[in-house]
Amino acid sequence: MKIVAAKRILKMNDQLAAELRDKFDKSSVFVVNIVGSPGAGKTTLLEALFAKLQNSIRPAVIEGDIAGSIDAERMEAIGVPVVQINTEGACHLDAAMIASAVQEFDLTKIDLLFIENVGNLVCTAGFDLGEHLRIIVLSTSEGDDKAVKYPAIFQGSDALVITKIDLAPYLNFNPLRIAADMKRLAPNSPIFQVSALKGEGMPAAADWLSARVAEKSNREGVV
Ligand SMILES: Nc1nc2c(ncn2[C@@H]2O[C@H](COP(=O)(O)OP(=O)(O)OP(=O)(O)O)[C@@H](O)[C@H]2O)c(=O)[nH]1
Ligand SMILES: [Mg+2]
């Protein structure tokens, strides 16, 4: 009987993710992994970001869901090239799924590739997808205690976007509490408070992301 340890699977994932990152670097594609709970507002955030970025950056999206193509259809509706991955039960994407999905794109026509991970605050934390940035989306309706309860995903993220800020007056969400937790878990990660639906706070988030993309291409002497 053969027992394949989870550690070995994670190591294989890390190796493949490193190869993917190399491929993205060589193609000058900046890759962002968006994580968060089901319904946090990940797809709505992408829609709002594209409304701001589409003229300056050529985007594409990989949508990860257990089933269905609802989010991919939303991307198609706004003219963004998209590939849908159905994990058929798995609670996260992995590097092998990304390697397969990426074959469907012409990378020479993409500057910024978003990967919308499966809605989950646990499994998604452990799997590098070859991204350059990981952004965690937390909505006000989920509560301000989530960084304490699910530290790994917050610790491993390069930015926190608090969404549905328009609903904050009706909820018991204290942004200062999550800011204090982030200071402990990920002190260098900026926090943005947005309403993707109403537009509040979106310019700052979009500007920060554009600056990260420009910074990377400047470093590589592409621009
Ligand atoms: N009020 C308000 N509602 C929002 C906001 N962002 C998203 N929503 C709503 O929240 C619900 C879920 O949004 P989605 O963007 O589909 O969430 P998601 O994280 O992509 O969901 P999954 O892909 O299923 O995990 C929808 O009904 C959105 O209209 C926001 O900023 N304010
Ligand atoms: Mg979605």
Side-chain angles (χ1 to χ4, degrees), residues 21 24-25 27-37 39-64 70-83 105 107 109-117 119 124 129-142 146-147 153-154 156-168 173 175 178-179 182 186-220 222-223:
R21 196 154 23 246
F24 293 140
D25 285 343
S27 313
S28 302
V29 178
F30 192 82
V31 181
V32 182
N33 180 7
I34 308 269
V35 295
S37 303
K42 299 179 291 299
T43 313
T44 310
L45 180 70
L46 287 181
E47 289 165 337
L49 278 175
F50 291 144
K52 300 248 173 293
L53 297 175
Q54 218 163 358
N55 292 332
S56 52
I57 288 174
R58 297 170 304 167
V61 175
I62 294 174
E63 288 288 357
I70 291 174
D71 286 356
E73 285 160 28
R74 287 169 66 179
M75 292 299 117
E76 266 180 352
I78 54 170
V80 175
V82 60
V83 172
F105 289 121
L107 291 182
K109 297 196 168 127
I110 299 171
D111 303 311
L112 178 57
L113 173 65
F114 284 100
I115 301 169
E116 181 182 339
N117 219 315
T124 50
L129 303 181
E131 74 266 22
H132 299 105
L133 272 189
R134 189 180 296 184
I135 297 178
I136 174 138
V137 177
L138 176 75
S139 53
T140 49
S141 53
E142 286 167 72
K146 291 300 163 290
I153 191 99
F154 287 86
S157 293
D158 302 295
L160 164 65
V161 177
I162 301 172
T163 49
K164 309 192 190 180
I165 207 73
D166 52 299
L167 299 180
F173 188 94
I178 196 107
M182 282 301 279
N188 298 321
S189 301
I191 301 173
F192 299 96
Q193 297 188 37
V194 310
S195 169
L197 216 52
K198 314 266 181 199
E200 192 185 334
M202 284 307 302
D207 287 350
W208 176 80
L209 189 57
S210 297
R212 298 291 75 72
V213 179
E215 197 178 78
K216 181 151 200 326
S217 44
N218 284 338
R219 251 202 325 269
E220 286 164 7
V222 176
V223 161

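These values consider heavy atoms only, across backbone and side chains, with no hydrogens, waters or symmetry-generated copies.
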Response to the item:
All heavy atoms of P59 vs all of P81, minimum pair found to be O-CD, 3.4 Å
Worksheet item: Quick one: does T44's side chain get under 4.5 Å of T163's, heavy atoms only?
Response: no
Worksheet item: Between F24 and L129, what is the shortest heavy-atom contact and its length?
Response: CE1-O, 4.3 Å
Fill in: CG on L49 to CG on L112, rounded to 0.5 Å
8.5 Å
Practice prompt. Evaluate the side-chain proximity of L209 to L133: yes if any heavy-atom separation is below 4.5 Å, no if none is.
Written response: yes
Worksheet item: To the nearest 0.5 Å, what is the distance between CE (M75) and CD1 (I70)?
Response: 12.5 Å
Worksheet item: Restricting to pairs with a member in residues 45-64, which pass salt bridge (charged side-chain N to carboxylate O under 4.0 Å, His left out), not counting sequence neighbours?
Response: E47-R74, R58-D111
Discussion item. Taking the side chain as everything from C-beta on, heavy atoms only, tell me whether T140 gets closer than 4.5 Å to I162.
Written reply: yes
Worksheet entry | Side chain proximity check, V32 to R212, heavy atoms < 4.5 angstrom | no
Worksheet item: Can you name the ring-ring contact (aromatic ring centres under 6.0 Å, His included) partners of F154, sequence neighbours left out?
Response: none
Practice prompt. Could you grab the distance from atom CE of M182 to atom CG of L160, nearest 0.5 Å is fine?
Written response: 5.0 Å
Practice prompt. Measure across S139 and A40 and return the closest heavy-atom pair with its distance rounded to 0.1 Å.
Written response: CB-O, 3.3 Å
Worksheet item: Has the side chain of N117 got a donor or acceptor atom that lies under 3.5 Å from a matching backbone atom of V35?
Response: no
Worksheet item: If you round to the nearest 0.5 Å, how far is CH2 of W208 from CD of E215?
Response: 9.5 Å
Discussion item. Are the side chains of V83 and F105 in contact, using a 4.5 Å heavy-atom criterion?
Written reply: yes
Practice prompt. Measure the spacing between CD of E116 and CG of N33 and express it to the nearest 0.5 Å.
Written response: 10.0 Å
Under 3.5 Å, sequence neighbours excluded: what are the donor-acceptor pairs made by side chains of residues 186-205?
residue : atom : partner : partner atom : Å
S189    : OG   : S157    : O            : 2.7
S195    : OG   : D166    : OD1          : 2.9
S195    : OG   : K198    : N            : 3.0

Worksheet item: Is the backbone N or O of F30 less than 3.5 Å from a side-chain atom of H132, with the two atoms forming a donor-acceptor pair by type?
Response: no
Worksheet item: For F173 and I178, what are the C-alpha separation, side-chain angles and deciding distance, and is it a side-chain contact (heavy atoms from CB on, under 4.5 Å)?
Response: CA-CA 9 Å; F173 188 94; I178 196 107; 4.2 Å; yes
Practice prompt. Please name the pair of heavy atoms, one in A60 and one in I110, separated by the smallest distance, quoted to 0.1 Å.
Written response: CB-CD1, 3.6 Å
Worksheet item: So, for V29 and L113, which heavy atoms are closest and what is the spacing to 0.1 Å?
Response: CG1-CB, 3.8 Å
Discussion item. Looking at every non-hydrogen atom in both residues, tell me the closest pair between L53 and A206 and how far apart they are.
Written reply: CD2-O, 3.9 Å
Discussion item. For E131, is there any backbone N or O sitting under 3.5 Å from a side-chain donor or acceptor partner on R21?
Written reply: yes
Fill in: CD1-NZ distance between I136 and K146, expressed to the nearest 0.5 angstrom
11.0 Å
Fill in: Trace of the salt bridge (charged side-chain N to carboxylate O under 4.0 Å, His left out) decision for D71 with K42
CA-CA 10 Å; D71 286 356; K42 299 179 291 299; over 6 Å; no
Worksheet entry | CG (L167) with more than 12 external heavy atoms under 6.0 Å | yes
